[in-house]
Amino acid sequence: MNKNKQTILVILGCLFFGGLAGWLVRGTDDHPDHEHFHVAEDGTIYTCSMHPQIRQNEPGQCPLCGMALTPVSSGSGDSNPFVLEMTPEAVALSNVQLTRVKSGAGTGKLTLTGKIQTNEQRVKSLTANFAGRVDQLFVNFTGQEVRRGEKLATLYSPELVNAQKELLETAKIKGRQPALYQAAKEKLRLWKISDDQIDRIEQSGQIQTQFDVYADVAGVVTARNVAVGDFVNRGSVLFEIVDLSTVWVILDAYESDLGAIRKGDDLSFLVSAYPGREFKAKVTYIDPVLNPDTRTVGVRAEATNRNFELKPEMFVSATISTAQSAQTGLMVPKTSILWTGPRSVVYVQVGNREAPAFEMREIELGARVGNDYLVLSGVEEGEQVVSNGVFAIDAAAQLSGNYSMMLRPQVKTIEVSEEFKKQLTALIQSYLPIKDALVQTNAQATRQAINPAKASLVKVDAKLLDGKAGEIWSKLLSPIQSSLDKIANTSDVEEQRKHFEILSDNLIDAVEYFGVVENTIYRQYCPMAFRDQGAYWLSAEKEIRNPYFGDMMLTCGEVKETYQPGKRVAATGAPKEEKVQTTGSAHDHSGHSHHDHSAHAGPSASKSPRTAAMANIGSNHVHIDYSAPSVRGREIFGGLVAFGEVWVTGAHTATSISFNEDLKIEGKLIPAGKYALFTIPGREKWTLILNKNYEQHLADDYEESQDVGRWEVVPSTLNEAVEQLRFEVVALDEKKGLLKFAWSEMGFEVKLSVN
């Protein structure tokens, strides 16, 4: 009893001290019902690669599929949702390969797979013409080759015995009963007994108890349905014989391939049994019904089978010379495309080797031509698309929260009739002479260009639109008409430019909502227009010709958007810059001795936003357009930017510099124009390069033969590190200025001067 009491006391003591220890560890929290999560100290979010909607702030397993959660790539909150930035190591691990978009003719060849099958038109079923018993077989196995007229079997038929008896009896009275005699002979003929056999029976007077079965075609026996001793009825199939002198090549074609295949197309194919040997055939039939399980259509070709080398059920790889061999246009490899319906996705390189970045683009595909596809819209010639590793990039984009094949942006463009697009395109074409006249600062020519634009506007038929499209056009129509009227009613070119801006903004909206046909249109932007508020316009040329300043700052501006025929515009695209209302003259530029227009280049979602720096040195407008990457804790010079290699001096596309008059750089006279600005960084000295090809993507296409000037500059160590790459153009007076560069801990200056 005492022992039991001691045991109970020990248990109670353990419970008490255990509870006390738990209270001390837990603390005196008055809300025990609250659930506590262990959040990663760095704020990392974890997600599932198969179910990206699953997100939690600690590692673990996906509750849907059980896969281990992976951390979401940490990117800045202002990253472009269309652009995925990766590390060079990640690109290497993903085995990313690029292919340049080129214009050319298609190969006209389509590769399909399939197999050899017997020619169903040459399959013969040999049947019994009379009932009987199989006494002998001369074909003992399937696969045996037989000749036409060869004996295959011998049958004993009681019916034939009786029929022969009737023949012999009626032959005795054929003079008196010729009808009976002929009926007896006809009965034998119906059982496929030949006249020669009938004559022999009649002449011999002997009843034949067994009759032979002969092959009426040559071929291979593919089925033997009888054995010795079997009794067969009339019509029973004894043998199946296939003539393999010709065979069918049955191929599977996907829906996307059908437009390229026609009856009569030449075809060549290979089989594994004869490596390197090519067989010829011709398309003879295309199945009219699509297989709902495989989403393929059977394509049949007929091939001659000499020496019976082609065996039924052999697998083949066939190449068809299609009817679309003459098609030309922009081509992308089949491996670059992620199919998402009528419009598909590719990833276009927008970064460089040191800072890889890939932009998701929707493209509209044309016909398949060999291993390539024609592209109707979405990419331009010379751009590089990912041709290997595209699924890895898309998965990384999805995990990063970027747009991807599965998560696509809403579009601003509304589907309207082709006729309305043609009418709108004609209106845009009539708008372009107004822009050109303002580029010339010619008020009279501007007024003269208004009437053709008004005539084109009248021809735009709003009745072709309905619903939301009709409401949008009605809102755009009034300011377009008003702007045209006001431009026509004034001879003051500066007033015309004010109304031209309103006209341009509304036409830009119209193009983005409804689209254009035939011609590519560029939306361009000048950050200095209207006292640095900035303004847009449309142009048919990529080259900048500024309608808001004319010759005064002809090349001031940049391309903000390219509108291609058939290309839809995303509703989440980069917004237009907000205007800041100011007082005073709209075009007083006396204060433009020094401008850094990174704030006016528009809100960019990229980690390396496109920006500009500019100033007037006397009447010479010097303008630098560049992408401005940030340090983000990386080692820049000697790390991200290699010493001794040509660098774009920015990111993505080459940095460009333009000036409207001849300019001296470190005393060397350079003709007015626009140039790429490259550098070759070094530990002690840098080389500054101006190159004629300013439209380069990175320095991949750099050619020294295109250089117009080179200068050695000595870099300096900055007092304070600069996080984001920066250019400045500083006007010291009417004759002299400076070009300044700074990034990380390095910087340099170059002297500028005008005559």
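These numbers come from the heavy atoms of this one structure, side chains and all, not from hydrogens, waters or symmetry mates.
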**Message:** Any non-hydrogen side-chain atom of Y347 less than 4.5 Å from a side-chain atom of V96?
**Reply:** no
**Item:** Atom CZ of F138 with >12 non-hydrogen neighbours under 6.0 angstrom
**Value:** yes
**Request:** State, to 0.1 Å, how close L84 and A396 come at their nearest heavy-atom pair, and which atoms those are.
**Result:** CD2-CB, 3.7 Å
**Prompt:** Quick check: are there more than 12 heavy atoms from other residues, nucleotides or ligands sitting under 6.0 Å from CZ of F231?
**Reply:** yes
**Request:** Look at D230 together with R133 and state whether they make a salt bridge at an N to O cut-off of under 4.0 Å.
**Result:** no
**Message:** Between V390 and V346, does the side chain to side chain contact (heavy atoms under 4.5 Å, CB included) criterion hold? Intermediate values first, please.
**Reply:** CA-CA 8 Å; V390 63; V346 295; over 6 Å; no
**Request:** List the atom of V345, the atom of E362, and the distance in Å for their closest heavy-atom pair.
**Result:** CG2-CG, 4.4 Å
**Prompt:** Does some side-chain heavy atom of F141 sit less than 4.5 Å from a side-chain heavy atom of R224?
**Reply:** no
**Request:** Could you tell me the separation between the OG atom of S103 and the CG atom of L330, rounded to the nearest 0.5 Å?
**Result:** 5.5 Å
**Message:** If we count only N and O atoms by modelled type, under 3.5 Å, do the side chains of S245 and N305 hold a donor and an acceptor together?
**Reply:** no
**Asked** Should the pair K280-D266 be classified as a salt bridge under the 4.0 Å nitrogen-to-oxygen rule?
**Response** no
**Asked** Under 6.0 Å from the NZ atom of K102, do we count more than 12 heavy atoms belonging to anything else shown?
**Response** no
**Message:** More than 12 heavy atoms of other residues, nucleotides or ligands under 6.0 Å from CD of E186: yes or no?
**Reply:** yes
**Request:** Give a yes or no answer on whether the side chain of N388 reaches the backbone of N95 with a donor-acceptor pair at less than 3.5 Å.
**Result:** yes
**Message:** Taking the side chain as everything from C-beta on, heavy atoms only, tell me whether V299 gets closer than 4.5 Å to D287.
**Reply:** no
**Parallel, tilted or perpendicular: ring planes of W339 versus Y373, cut at 30 and 60 degrees** = perpendicular
**Asked** In Å and rounded to the nearest 0.5 Å, what is the CG to OG1 distance from L137 to T154?
**Response** 8.5 Å
**Prompt:** Would you say the side chain of M331 lies within less than 4.5 Å of the side chain of L374, judging by non-hydrogen atoms?
**Reply:** yes
**Message:** Whether the side chain of R361 engages the backbone of I363 through a donor-acceptor N/O pair (distance < 3.5 Å, no angle test) should be reported.
**Reply:** no
**Message:** As a quick check of understanding, evaluate side-chain hydrogen bond (donor to acceptor under 3.5 Å, both in side chains) for N119 and T246, giving each step before the final call.
**Reply:** CA-CA 7 Å; N119 185 339; T246 63; 3.1 Å; yes
**Complete:** Closest non-hydrogen contact found for K421 with G515 is CG-O, 4.1 Å
**Request:** Quick one: pull up CG in L238 and CG in L155 and give me the separation to the nearest 0.5 Å.
**Result:** 6.5 Å
**Request:** Please report the closest heavy-atom contact between L98 and Q384, naming both atoms and the distance.
**Result:** CD1-OE1, 4.0 Å
**Prompt:** Does any N or O in the side chain of Y274 come within less than 3.5 Å of the main-chain N or O of L310, such that one atom is a donor and the other an acceptor?
**Reply:** no
**Request:** Please check if the side chain of N225 supplies one atom and the backbone of F239 the other of a donor-acceptor pair under 3.5 Å.
**Result:** no
**Request:** Dump the intermediate steps for salt bridge (charged side-chain N to carboxylate O under 4.0 Å, His left out) on D265 and K282, then the final yes or no.
**Result:** CA-CA 6 Å; D265 284 344; K282 191 177 289 287; over 6 Å; no
**Asked** With a 4.5 Å heavy-atom cut-off, do R295 and L290 have their side chains touching?
**Response** yes
**Exam field: side chain Q182 to backbone A179, donor-acceptor pair closer than 3.5 Å** = no
**Prompt:** Which is it for D252 and T294 under the side chain to side chain contact (heavy atoms under 4.5 Å, CB included) test, yes or no, and what are the steps along the way?
**Reply:** CA-CA 9 Å; D252 292 324; T294 62; 5.9 Å; no
**Request:** State whether a side-chain donor-acceptor pair under 3.5 Å links D212 with Y214.
**Result:** yes
**Request:** Applying side chain to side chain contact (heavy atoms under 4.5 Å, CB included) between L112 and each of V316, T319, L267, I261, report the one that passes.
**Result:** I261
**Prompt:** If you round to the nearest 0.5 Å, how far is OG of S268 from CZ of F279?
**Reply:** 11.5 Å
**Message:** I want to check something: taking the side chain as every heavy atom from C-beta on, are D135 and V228 in contact at a cut-off of under 4.5 Å?
**Reply:** no
**Quiz item: cation-pi between R300 and Y285, 6.0 Å / 45°** = yes
**Prompt:** What's the verdict on side chain to side chain contact (heavy atoms under 4.5 Å, CB included) for V332 and D372, showing C-alpha distance, side-chain angles and the deciding distance?
**Reply:** CA-CA 6 Å; V332 297; D372 298 328; over 6 Å; no
**Item:** Sidechain-backbone polar pair: Q564 side chain, G378 backbone, donor-acceptor under 3.5 Å
**Value:** yes
**Request:** Verify side chain to side chain contact (heavy atoms under 4.5 Å, CB included) between I116 and F269, making sure each step is shown before the conclusion.
**Result:** CA-CA 10 Å; I116 302 293; F269 62 93; 4.1 Å; yes
**Request:** Supply the atom-to-atom distance S317 OG to L251 CG, rounded to the nearest 0.5 angstrom.
**Result:** 9.0 Å
**Request:** Determine yes or no for a side-chain-to-main-chain donor-acceptor pair under 3.5 angstrom, with N402 supplying the side chain and V83 the backbone.
**Result:** yes
**Residue pair Q349 / V386, side-chain heavy-atom distance below 4.5 Å** = no
**Asked** Tell me, do Q97 and T99 make a side-chain contact under 4.5 Å, heavy atoms counted?
**Response** no
**Prompt:** Looking only at heavy atoms, which two atoms of T335 and S387 are closest? And how far apart?
**Reply:** OG1-O, 2.9 Å
**Message:** When you measure from the side chain of R147 to the backbone of A218, do you find a donor-acceptor pair of N or O atoms at a distance under 3.5 Å?
**Reply:** no
**Item:** Any donor-acceptor N/O pair, S94 side chain to V91 backbone, under 3.5 Å
**Value:** no
**Message:** Tell me the closest heavy-atom pair linking L152 and I241, and the distance in Å.
**Reply:** CD1-CD1, 4.2 Å
**Asked** If you round to the nearest 0.5 Å, how far is OG1 of T118 from CD of E240?
**Response** 9.5 Å
**Prompt:** Thinking salt bridges, do R277 and E309 make one under a 4.0 Å N-O criterion?
**Reply:** yes
**Asked** Is there a donor-acceptor pair under 3.5 Å between the side chain of T425 and the backbone N or O of V517?
**Response** yes
